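The structure under discussion appears below in the form of structure tokens.
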Amino acid sequence: MEYLIGIRGQDFVLVASDNVAASSIIQMKHDYDKMFKLSEKILLLCVGEAGDTVQFAEYIQKNVQLYKMRNGYELSPEAAANFTRKNLADYLRSRTPYHVNLLLAGYDDTEGPALYYMDYLGALVKAPFAAHGYGRFILNLPSFTVRLIDKNGIQDMKMPLLDAK
Amino acid sequence: MLSVSPDKRVPLGWGSGAQNKRNGDRVSKAVSRHLERPTKVLRGVVLITTPANASQMGGVIAAADTRASCAGLVACPSARKVTPIHSHLVVTSSGSGADCVLWERVLAREIRLYQLRHGRRLSVSGAGKLLALMLHPFKGTEVCVAATLCGWDEGDEVVCYVCSDGLRLNGELISVGSGSPYAYSVLDAGWRWSMTVNEAVALAREAVYRATHRDAYSGNNVDLFHITARGWKCRRREDLKEEYYKENRRGKEMMREYLNINSMKRHTLKTLIFRSFELLGL
């Protein structure tokens, strides 16, 4: 089961996702990245049904980038989250709903760090910490991708600190 | 540009129904009724990449079996599941036979159109993305295609798995189809980054052999393609029953040598077995 976790701190948001891409009972890939970079300071994490995740996340990603091209400045994390939720909700009652669960993490220069939880029914809530998937087991940290978003932008963490609290 | 035309005498399932009707006997009528509906054809397919090795050429190995089945019947024992699209791209397909043949042709056409319009060849993951986008409108319908594009573009070997569900993965070791769990076990045990081409070919062949041994929907022969910077090369199609008989004979000889039955009387053999059990404390 795919797993996402996000934790908001004083001036950062820390997000992690597992790296497994599975197809029914077979793990096809062990280094699959579930994070989509919307802008320099916004990350979208997306899990759910096979094709829907990439299609929906890339659609949002391209639209956020288009906004920047048209207007010259980037969308704030709150605006991006609401845009994403609106799209999810619009498609929900169509013939092709997207079955995806999302975490949007961003750093706004005026508002600070923000973590938004969205699920496939179009719910949106700003949370201090959030997770999707079977949250009971966080095993084997090396098989996670962990990224930090703070005022300096999105940073990769090379090796998770095993004894960090 | 190519197109695959399966051997006209033995098409992939649905055509032979019409031919059998001419004979008119009851058996073939039953067969032709069975083959009229398109059904899922599950296949065992195996692909691996080997890194560019200093002494060898590296490249991608694509291997597949050749059985096309139709609800428990082997519709065609010599289907072709690995199809070249252009000199540096090969696609292996699994899922529903009709869908795979159609979508391979559509993909080949679109890749060629891209090349004509833009003056350069589409990359392998680009071709995978194109196929995924073309299949997306059919998500939720009964279209079942699980294709793996194996190729070489601009210094890199790429294996891209595209499924009609929408899953699209670039990977190093991909196995698809009903026989894939069995193939994965062999591949995971034997695959290393530092393999030579011959080792990789032997591994792929072994993986397909084991998958065809256990999986009911995979069998008959194995096709092997090797794609490098210089293009694809195809090995001769091998019948896996020869491998099976060879293994059986080898097993029997080893057993015989071990027990050395010829030179021992039954009595001494029994004593030997009982003594050894005593020694082991059983």
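Numbered from 1 within each chain, the chains take letters A, B, ... in sequence-line order. Treat the numbers as computed from the prediction; the structure is a model and nothing was measured.
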Exercise. Does any N or O in the side chain of A/Lys29 come within less than 3.5 Å of the main-chain N or O of B/Asn170, such that one atom is a donor and the other an acceptor?
Worked result: yes

Would you indicate whether [X], at its atom [atom1], is surrounded by more than 12 heavy atoms from other residues, nucleotides or ligands within a distance under 6.0 Å?
| X | atom1 | result |
| --- | --- | --- |
| A/Glu40 | CD | no |
| A/Lys86 | NZ | no |
| B/Glu154 | CD | no |
| A/Glu78 | CD | no |
| A/Lys68 | NZ | no |
| A/Tyr120 | OH | no |
| A/Leu66 | CG | yes |

Exercise. What is the distance from atom CE of A/Met28 to atom SG of B/Cys163, rounded to the nearest 0.5 Å?
Worked result: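 If we round to the nearest 0.5 Å, A/Met28:CE and B/Cys163:SG are 8.5 Å apart.
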
Problem set entry | Interatomic spacing from CG in B/Leu169 to OG in A/Ser23 - rounded to 0.5 Å |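 Answer for the CG-OG pair, B/Leu169 versus A/Ser23, is 8.0 Å.
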
Exercise. If you look at every heavy atom in A/Ile26 and B/Ser180, which pair is closest and at what distance?
Worked result: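 What the structure gives for the nearest pair is CD1-OG, 4.5 Å.
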
Problem set entry | For A/Ala22 against B/Leu167, the heavy-atom pair lying closest together |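 Between these two residues, the closest heavy atoms are O-CD2, 4.4 Å.
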
Are the side chains of [Y] and [X] in contact, using a 4.5 Å heavy-atom criterion?
| X | Y | result |
| --- | --- | --- |
| B/Arg168 | A/Gln55 | no |
| B/Tyr184 | A/Gln27 | no |
| A/Val54 | B/Lys129 | yes |
| A/Asp52 | B/Lys139 | yes |

